[in-house]
Amino acid sequence: MSTAALPAFARGTINLASAGLGAKGLSATDEFFGPLSRLLSDEPAVYHAGVYDAHGKWMDGWETRRRRGPGHDHAVITLATAGRIRGFDVDTAFFTGNYPTACAIEGCLAPDGPDEASEWVELLAPSPLGPSAQHFFDCAADGLISHVRLRIYPDGGVARLRVYGIPALAPADGPIDLASALCGGQVVAFSNGHYGHQRLLAPGRGVNMGDGWETSRRRQPGHEWIVVKLAARATVESIVVDTAHFKGNYPDACSMQAADLTGTTGDLPTLVTAASMFWQEILPEQKLAADRIHTFDGHLVKQASAVTHVRLNIHPDGGISRLRVFGHTAEGEKT
């Protein structure tokens with residue numbers, strides 16, 4: 001689905017139920033036809049005609065057996081990080097004769113995991129579902145949530161659950177990675193993302209060359225860039241550029257610019273695309289090497305004031321596995 005087709009709550013948020021960011025299925029009443037783990041996959045659901053396993057037709061999602069008594073099925077998911085939820089996408093892709101007729105979602109804040117004493121609040125009242133479609137729902141409650149419970153009525157299969165929200169920025173004594181998706185960092189614009197960019201701000205190191213941001217080969221003068229909204233207005237202390245697995249296609253060099261866009265209104269991607277080339281330089285051009293973690297700090301990072309956005313330039317093109325921007329929040333602000 002294109003970004004333009006997403007509801008407003010999906011913009012400026014991240015999928016807190018992303019397995020790639022660390023979300024996990026905690027429990028389910030039944031997983032006979034499809035394990036709960038498939039529900040949290042970052043990739044769009046697929047359909048393989050004629051593929052069966054020991055339990056029956058293979059489906060890309062969480063699917064329970066046909067219920068023959070009262071009640072309904074449900075599953076509990078540990079979110080990648082606690083956050084404030086704005087909305088949901090309950091996707092029944094390829095479930096046509098075996099989708100639930102309705103769903104509901106509850107949430108709780110339980111840092112050590114939910115137990116009998118946990119207080120669950122209703123985030124989505126029972127709502128109808130249809131066959132093979134994305135169903136977008138607003139979240140009905142505010143407050144921090146670490147776990148969600150998806151109820152399906154009475155049984156059936158759901159391909160994907162996406163929980164769109166804003167991660168909670170935990171207090172820290174030292175510098176934090178303000179570019180991290182788990183803190184609220186977001187990619188807002190880029191010049192080229194031919195081979196993908198979604199995992200640039202993910203936790204951990206890249207697992208292969210497909211796990212990061214990589215551009216196509218540049219055939220004209222200039223260089224490629226990507227703009228990241230930091231989790232909070234902050235002063236930058238150090239920058240980490242990781243070229244893990246990029247060996248014949250890493251950039252020759254990188255540099256970084258930054259700006260304070262506090263109070264800016266309008267279409268942000270359009271605004272930064274036009275203006276970011278003139279932002280303050282905080283890291284002059286630095287040579288990069290293959291398959292290596294590069295840390296730039298001390299006298300190299302020059303910043304006069306707090307910023308909300310950074311622009312990573314790669315010269316001229318290539319692939320970066322991870323970007324980290326460590327710093328201190330300014331006056332406890334969050335963007």
Side-chain angles (χ1 to χ4, degrees), residues 3 8-16 21 80-86 142-145 164-191 197-198 200-203 213 225-242 254-284 295-313 320 322-335:
T3 302
F9 65 66
R11 304 187 193 112
T13 59
I14 69 167
N15 176 19
L16 297 172
L21 292 180
T81 186
R84 287 180 165 79
I85 298 172
R86 297 293 180 252
D142 200 5
L144 290 179
I145 299 294
Y164 292 100
I166 301 172
L169 186 59
D173 295 329
I176 60 175
D177 179 9
L178 295 152
S180 168
L182 291 182
C183 290
Q186 300 167 27
V187 171
V188 295
F190 51 87
S191 59
H197 71 281
Q198 296 87 349
L200 181 68
L201 309 180
W213 168 47
W225 52 267
I226 194 164
V227 173
V228 173
K229 177 185 177 185
L230 301 179
R233 184 172 178 268
T235 54
V236 177
E237 183 174 292
S238 64
I239 299 161
V240 176
V241 176
D242 188 355
C254 74
S255 62
M256 182 171 284
Q257 297 163 271
D260 184 358
L261 302 186
T262 303
T264 301
T265 59
D267 182 33
L268 190 58
T270 300
L271 292 174
V272 301
T273 297
S276 61
M277 69 179 75
F278 303 110
W279 290 356
Q280 169 199 359
E281 183 179 73
I282 64 171
L283 178 69
T295 301
F296 307 110
D297 53 19
H299 68 282
L300 287 175
V301 178
K302 300 176 182 178
Q303 185 181 348
S305 59
V307 298
T308 58
H309 294 70
V310 296
R311 166 172 153 150
L312 175 67
N313 303 300
I320 298 290
R322 295 289 188 271
L323 172 66
R324 311 288 184 213
V325 180
F326 291 94
H328 298 270
T329 57
E331 304 169 0
E333 295 184 31
K334 185 164 189 232
T335 54

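All values below come from the heavy atoms of this structure, side chains included, with hydrogens, waters and symmetry mates left out. Just so it is clear, the model here is predicted, and its values are computed rather than measured.
Scanning both residues, Gly185 and Ala231, for their nearest heavy atoms gives N-CB, 4.0 Å. Residues Ser255 and Pro284 approach most closely at CB-C, 4.0 Å, considering heavy atoms. Between Phe296 and Leu300, the shortest heavy-atom contact is CD2-CD1, 4.0 Å.
Proximity of Val241 to Leu323: side-chain heavy atoms (C-beta onward) are separated by under 4.5 Å at one or more points. Between Leu182 and Pro167, every side-chain heavy-atom pair lies at or beyond the 4.5 Å cut-off. Side-chain contact between Val236 and Met256 is absent, with no heavy-atom pair separated by less than 4.5 Å.
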(request) Begin from the C-alpha positions of Asp142 and Arg86 and carry the test side-chain contact (heavy atoms from CB on, under 4.5 Å) through to its verdict. (result) CA-CA 8 Å; Asp142 200 5; Arg86 297 293 180 252; 3.6 Å; yes

(message) For Val228 and Leu312: C-alpha separation, side-chain torsions, deciding distance, then whether side-chain contact (heavy atoms from CB on, under 4.5 Å) applies.
(response) CA-CA 8 Å; Val228 173; Leu312 175 67; over 6 Å; no

(message) Applying side-chain contact (heavy atoms from CB on, under 4.5 Å) to Thr81 and Leu21, what does each step give before you reach the verdict?
(response) CA-CA 8 Å; Thr81 186; Leu21 292 180; over 6 Å; no

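Put simply, CD1 on Ile226 and CG on Asn313 are 11.0 Å apart, with the number rounded to the nearest 0.5 Å. In this structure, OG in Ser180 is found 11.0 Å from CG in Leu200, a value given to the nearest 0.5 Å. For the atom pair CZ of Phe326 and CD1 of Ile176, the computed distance is 9.5 Å after rounding to the nearest 0.5 Å. Residue Tyr164 holds its OH atom at 10.5 Å from CG of Leu16, rounded to the nearest 0.5 Å. Summarising the geometry, atom CG belonging to Leu169 is positioned 7.0 Å from atom CG belonging to Leu178; distances are rounded to the nearest 0.5 Å. In this structure, His309 NE2 and Thr264 OG1 are separated by 7.5 Å, a value rounded to the nearest 0.5 Å.
Taking Phe190 as the reference, His197 meet the ring pair (Phe, Tyr, Trp, His ring centres under 6.0 Å) condition, with sequence neighbours excluded. For Glu237, the side chain to side chain donor-acceptor pair (under 3.5 Å) partners at least two apart in sequence or on another chain are His328. For Ser238, there are no side chain to side chain donor-acceptor pair (under 3.5 Å) partners at least two apart in sequence or on another chain.
Residue pairs meeting the salt bridge (Lys or Arg N to Asp or Glu O under 4.0 Å) criterion with at least one partner in residues 173-188, sequence neighbours excluded, are Asp177-Arg324. Listed by first and then second residue, the side-chain hydrogen bond (donor to acceptor under 3.5 Å, both in side chains) pairs involving residues 182-191 are Ser191-Glu224 (not counting sequence neighbours).
Remark: side-chain polar atoms of Arg84 are not paired, donor with acceptor, to backbone N or O of Gly165 under 3.5 angstrom.
None of Thr329, Asp260, Thr308 except one satisfies the side-chain hydrogen bond (donor to acceptor under 3.5 Å, both in side chains) rule with Arg233; the exception is Asp260.
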Mind listing the side-chain donor-acceptor pairs of residues 272-283 below 3.5 Å, one per line with the distance, residues two or more places apart or on another chain?
{"residue": "Thr273", "atom": "OG1", "partner": "Pro269", "partner atom": "O", "Å": "2.7"}
{"residue": "Ser276", "atom": "OG", "partner": "Val272", "partner atom": "O", "Å": "2.7"}
{"residue": "Ser276", "atom": "OG", "partner": "Arg311", "partner atom": "NH1", "Å": "2.8"}

